[in-house]
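Every chain is numbered from 1 and lettered A, B, ... according to where its sequence line falls, protein lines coming before strand lines.
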Amino acid sequence: MDYDFAKIERKWQEFWQENKTFRAEDFSRKKKFYCLVEFPYPSGDGLHVGHPRSYTALDILSRKKRMQGFNVLFPMGFDSFGLPTENYAIKTGIHPAKITKKNTERFTSQLKSLGFSFDWDRVISTSDPGYYRWTQWIFLKLYEKGLAYKARIPINWCLSCKIGLANEEVVDGACERCGGKVEKREIEQWMLKITAYADKLLDGLKDLDFLDKIKAQQSNWIGRSEGAELDFGLKNSKDKIRVYTTRPDTLFGATYMVLAPEHELVRRITTPDRAAEVEEYRRRCAKLSDIERQENKEKTGAFTGAYAVNPVNGADIPIWIADYVLTSYGTGAIMAVPAHDERDFEFARKFKLPIRCINRPAPGDAAKAGLSVEKVLEGEVCWTGDGELINSANADGLDINGMNIAAAKARTIAWLNERGIGEKSVKYKLRDWVFSRQRYWGEPIPMVHCHDCGWVPLPESELPLLLPDVDRYEPCDGGQSPLAGISGWVDTKCPKCGGPARRETDTMPNWAGSSWYFLRYIDPDNNSAFADPEKLKYWMPVDWYNGGMEHTTLHLLYSRFWNIFLHDCGLVPTSEPYKKRTSHGMVLGEGGEKMSKSRGNVINPDDVVRQHGADVFRVYEMFIGPFDQAAAWDTKGIAGVDRFIRKVWKTFTETKIAERRMTRDEERILHATVKKVSEDIDSLDLNTAVSQMMICMNELSKSADIPREAAESFVRILCPFAPHIAEELWERLGRPAPVSLAEWPGFDANLAKADEVEILVQINGRPRVRFKAPAGTDKDALVKMAMENPEVLPAIAGRTVLKTVSVPDRLVNIVLKT
RNA sequence: GCGCGGGUGGCGGAACUGGCAGACGCGCCAGACUUAGGAUCUGGUGGAGAAAUCCAUGGGGGUUCGAGUCCUCUCCCGCGCACCA
């Protein structure tokens, strides 16, 4: 009988929908399992073949958990605010909401055609007022707790998108989205104080089951460093300059100081004779874009003519300005220790500044780095490793000579503390989150500016603050959002005093909606809270979250921030939202290049489904390679999976299902397969799970009939991968539908093992002979069998056996004296 | 430069705590059946050799009875961060 996949797939998709097979039940007695995939942005291009890779993998996991008796929440939604839709609206004049609706419908039907076991009753869309009402509500909470503020700050301004970008959205000095030029502009922006959560975001990582590289990326991004802040007095002045250093132990080696060119004290301290050059240098730096500043790593700088006094030894040290010191980090000023810092060393060499070694490496350590201790002592090379402090004592009670870095640090900080010159200080690379976008298609920020009262939050009762209808979506030239042009919307009354006021016209970035969506799935229709606390308590945290590596620094950090914040407010039950996080590899075009319209190598999932069916598509995407690694699409490779699925169909529809017991061989292969597939799903090693099912199928298809037990087990483990064909075969086996909720087969590890194994005999590590032995034969017995083997006897005759090594079920190695 | 991953047949990739390298699939070769189809079935397929054997997991050293797997040095590729004091 022909395998009419189109008909079968439609039939079962309708069945699942009508019977709500995959509905997640709130407060079920079963153990819960919350399985989450990143929801897509409903772009006009439709589903990419990359989406189903992640969705299929976690669908398989969800389906297996369900069959194992878990109450599974596996939801889907749409991250529907965003720039591409808005740009399309600008081009065509069609309202973004209409475009979004159309795209969402297309995505929905594509997703349904792939047979994912989503609970379709929980679909959410971030641009839906019923949803963004709560995004706005959370913003008001953040404002209430002092974590949202407006500030005039230099931001990254994309000239082509006419939009402010978060630091995270600037890649290589260019706009992440359009690749356009980015420049600095000072604009009033709403900011979220994510830096207040830097430590919690860092500490929270410890106990999470995230891939190591994900943890590493998050913690690098937060960039915590411990050091000290301290004051350097100015020579001939009462002014002080505060520096930040991670190496207070090197204070005796500080031979000059550097301020960022933009540092506020520069003008004040520069001596008249140096003013022209300093001004010139400052001007040059201001002109450079971030990219240019990054490209040119050769050190530049200018001397201000002023001197600071090193607090530990009273030495006068010259003050320079240089663009290798950044205003945005630390205090914008550093003490330079050229002997023990690569950058300072390079700068000192170029400008002939003194290099004073105060840390002697152990000879071994120096040799390992290819350096000699003498050169370090003479200041001819830079030493950043640990060693023994030298030349580091003063008459004022500080003596760190002979100490290592850690001890010297602690002692120096204590000394600074005693004198009120400085103290321990912790810094982060993480910056506050720029939360304003000068755009239309985003959540309006629910704030009103009153002439008398300043910024006033909208009362909760006025949420959602709806986006008004407009005809044009272009940002205004002054950098203002299109909303600024609608006076009927902008002009309002102050919620506090009733006086005339203006609404905020910026909208939120598209990271806003995705920062809490996992909470809304739990209670998507709630009108009185973002989610019911009891339901949150039942479902949270997310047990397994999979998404792209590209979201590791942004989305993952932002959403953890919001969840930790909501937890601090007592609104969600767990501090961390995601227990486990994995990432999938990208699906590349044929030949390993990225899929793109311009390369013409885009594979449309609809075509694959039409040609091969959803089941083949799903299994192929799992078989393509290790889940976490990039994989290139291979049209020929689908043929192998297509053959496998057809073989399954043929075997089960044409071979007699026998009411007999399994043979020992059948029993062994079946238990081995159930074991391997069960374990592989739990670790998402889905390529090897598929391969095992192929092996099993090849075996089963050899016999004249298939015992019922084998057939039923096989169909059940196939179900998560190829659910449509599994349902159909299950029905044909006379079992009640759906197999999707049938019990997952168990296995007996002992039955999965062969009864008889082949033992390899090695002589001096060289393979010699093989013999059969019952599985589990003990070491000594194996050695005895090997030594008595007729082919081994002559090889060892008359020679001294030094040692025998015996590994049960594997091999015996006889080591002879040579 | 720093931090994570990786280098295994013609290709995608297997290989549990060290134990017969190359599972499974693609491709290729031969045969069967058909012969219009990316059809199906059977057998073969790392390299060299007639064979016994020998050589093979980026390269060099090492540990071990035994190394793709552990240690060490080194080369290449991908990703992330990058003048963060």
Sugar-phosphate, base or nothing in reach of K803(A), heavy atoms under 4.0 Å:
base
Please check the phosphate of rU40(B) (OP1 and OP2 only) for any side-chain N or O of R646(A) closer than 4.0 Å.
no
Taking only side-chain nitrogens and oxygens of R643(A), does any of them come within less than 4.0 Å of OP1 or OP2 of rG25(B)?
no
What donor-acceptor contacts under 3.5 angstrom involve side-chain atoms of residues 622-640 of chain A, with partners at least two apart or in another chain?
| unit_1 | atom_1 | unit_2 | atom_2 | d |
| --- | --- | --- | --- | --- |
| D634(A) | OD1 | K636(A) | N | 3.2 |
| D634(A) | OD2 | G637(A) | N | 3.4 |
| T635(A) | OG1 | E590(A) | OE1 | 3.1 |

rG66(B) - base-pair partner by Watson-Crick or wobble geometry, distances under 3.5 Å
none
Is the phosphate of rA85(B), meaning OP1 or OP2, less than 4.0 Å from a side-chain N or O of Y329(A)?
yes
Atom pairs under 3.5 Å, N or O on each side, protein against nucleotides 19-23 of chain B: can you list them with distances?
| unit_1 | atom_1 | unit_2 | atom_2 | d |
| --- | --- | --- | --- | --- |
| rC20(B) | O2 | R770(A) | NH1 | 2.0 |
| rC20(B) | N3 | R770(A) | NH1 | 3.2 |

K429(A) to Y329(A), cation-pi by 6.0 Å centre distance and 45° axis angle:
no
Under 4.0 angstrom between S225(A) side-chain N/O and rA85(B) OP1 or OP2
yes
Considering only rG13(B), rC55(B), rU40(B), which nucleotide approaches the side chain of P626(A) most closely?
rG13(B)
Taking any heavy-atom pair under 4.0 Å as a contact, classify H340(A): base, sugar-phosphate, or nothing.
nothing
For N698(A), which contact category applies under a 4.0 Å heavy-atom criterion: base, sugar-phosphate, or nothing?
sugar-phosphate
Looking only at side-chain atoms of T245(A), point me to the closest of rG38(B), rA85(B), rU40(B).
rA85(B)
Quick one about N546(A) and S54(A) (side-chain donor to acceptor, distance below 3.5 Å, no hydrogens or angles considered), yes or no?
yes
Do we get K240(A) above F232(A)'s six-membered ring, with its NZ or CZ under 6.0 Å from the centre and within 45° of the axis?
no
